[in-house]
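It should be emphasised that the depicted structure is a prediction, and the values quoted were computed from it without experimental measurement. We name chains A, B, ... by the order of the sequence lines, and we start the count at 1 in each one.
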Amino acid sequence: MDEQPRLMHSHTGVGMAGHPGLPQHLQEGTGGADGDGRKQDIGDILQQIMTITDQSLDEAQARKHALNCHRMKPALFNVLCEIKEKTVLSIRGAQEEEPPDPQLMRLDNMLLAEGVSGPEKGGGSAAAAAAAAASGGVGADNSAEHSDYRAKLSQIRQIYHTELEKYEQACNEFTTHVMNLLREQSRTRPISPKEIERMVSIIHRKFSSIQMQLKQSTCEAVMILRSRFLDARRKRRNFNKQATEILNEYFYSHLSNPYPSEEAKEELAKKCAITVAQVSNWFGNKRIRYKKNIGKFQEEANMYAARTAVNAANASSHGSQANSPSTPNSAGGYPSPCYQSDRRIQ
DNA sequence: GGTTATGATTTTGA
DNA sequence: TCAAAATCATAACC
């Protein structure tokens, strides 16, 4: 311990004369009449600094308290804060005004549209709804696919919100910690509230860039899920035999006018367990394919015509009127001059 | 693996 | 806006 002052003196004599951290008047002690006196001052100050660690905690606290209670301290800190604001911070401030990031806005909009962020939609996602609309309704398979889609989207949503919550919590904790630290430090060094505010905004920016990554990967996951779902939608499954028979029966028994009304389509759809749109598709395909190759469908037409005739005979023998096919047609009836669509009256 | 059948989608035209 | 026609994509069959 006794060595320290001597050591410090030897240092100051040569090395500390040009120390950048010392005030000018303390660095000018290389010669002149009062040069030795200044060296002595520097020595004293440095000795105080070096011995401060030897002081007890109570002593240090007492010194700190004395400094804090100094009558000139608030004024001095105010001046220093002002100088800081006018120099470094004001320069930074000009750079901090940034417009909202368009990429972030796009990500936010997409997450909102897909139902990942924002309030949860009861019916699932917009994509599922759009896909359902495009496929003309919700069949048994479709609804299974939709529920699968919704379940996966809900998983994504859950992960997204959990992660987001974690980030927000971490951000808040870190911000509070830094704010407390700065407030504490502001007692011993000049820190303006603006500076704290600026620090907080820097922290928020850092965390929002992490959030952006989260949003980006969530969007990617949704896009992959969506494309898989839409691909699945295109998968074709043949109707079951019974459904095909019901549709064929109707088609051949209405060969003169194979255009079922909306009510008839709905009924057929119900009977076949398919959608009205699928019924429309089926009739559209059947009409064009029959017309293109009547010969090929001749046998099929005859078979259904015979079956319809038998049904009608059975119905009349039971004393009831058959309400479906009014006039079973021969296979050659479509397309014939007598064929009239509901809309295309000749 | 090639062909045909068939459901779905897109384009065209009235 | 709807149906016809063309086309696509996949299931089913050999």
Side-chain angles (χ1 to χ4, degrees), chain A residues 113-114 123-150 152 223-308 324-346:
Chain A
E114 290 297 331
S125 77
S135 64
V138 181
D141 289 340
N142 268 348
S143 67
E145 280 165 13
H146 288 180
S147 65
D148 191 34
Y149 181 93
R150 277 197 295 271
K152 287 194 171 122
M223 291 308 282
I224 289 166
L225 178 68
R226 191 176 171 156
S227 70
R228 275 187 196 158
F229 172 75
L230 290 174
D231 283 349
R233 190 169 58 95
R234 291 180 71 88
K235 268 191 179 176
R236 191 179 65 78
R237 296 232 158 70
N238 287 358
F239 298 154
N240 62 40
K241 207 178 167 188
Q242 198 188 353
T244 312
E245 282 198 355
I246 291 168
L247 293 168
N248 271 318
E249 221 165 88
Y250 188 98
F251 179 80
Y252 288 112
S253 62
H254 293 77
L255 209 50
S256 64
N257 185 28
Y259 296 86
S261 65
E262 277 306 305
E263 290 77 24
K265 279 183 193 171
E266 276 169 26
E267 204 182 322
L268 284 167
K270 211 184 222 178
K271 277 186 188 169
C272 301
I274 57 175
T275 67
V276 173
Q278 282 176 307
V279 172
S280 298
N281 283 339
W282 189 92
F283 273 88
N285 284 322
K286 190 74 183 179
R287 280 192 298 264
I288 190 75
R289 282 162 190 166
Y290 177 82
K291 195 172 137 186
K292 269 186 178 174
N293 198 347
I294 295 170
K296 194 180 113 186
F297 290 96
Q298 189 74 58
E299 201 181 325
E300 189 180 70
N302 289 340
M303 187 189 84
Y304 280 103
R307 197 186 286 184
T308 309
S324 64
S326 49
T327 47
N329 286 280
S330 71
Y334 179 75
S336 72
C338 68
Y339 128 65
Q340 291 175 341
S341 133
D342 289 340
R343 298 164 190 287
R344 292 159 199 239
I345 310 295
Q346 291 176 352

Test applied, side chain to side chain contact (heavy atoms under 4.5 Å, CB included); reference residue, A:T244; option that passes from A:N240, A:N248, A:I246: A:N248
Separation of atom CZ in A:R237 from atom P in B:dA8, rounded to whole Å: 11 Å
Phosphate-side-chain proximity, A:K296 and B:dT4, N/O vs OP1/OP2 below 4.0 Å: no
Value in whole Å for how far the P atom of B:dT6 lies from CZ of A:R287: 17 Å
SB check A:E262 A:K265 (cutoff 4.0 Å): yes
Closest approach of A:P258 to A:F283 (non-hydrogen atoms, all atoms of both residues): O-CD2, 3.7 Å
Residue closer to the 5' end of DNA chain C, A:N285 versus A:K265 (nearest nucleotide): A:K265
5' priority, DNA chain C, between A:G284 and A:R289 [closest heavy atom]: A:G284
Separation of B:dT6 C1' from A:N281 CG (nearest whole Å): 11 Å
Residue-phosphate contact under 4.0 Å: A:K286 side-chain N/O, B:dT6 OP1/OP2: no
Length of the line joining A:I288:CD1 and C:dC2:P, which is rounded to integer Å: 19 Å
No-H, no-angle donor-acceptor pair, A:N238 side chain to B:dA5 base, under 3.5 Å: no
Under 3.5 Å: donor-acceptor pair, side chain of A:Q278, backbone of A:T275: yes
Length of the CG-C1' vector between A:N248 and B:dA5, whole Å: 13 Å
Nearest-Å distance for atom pair CZ/P, residues A:F297 and B:dA5: 8 Å
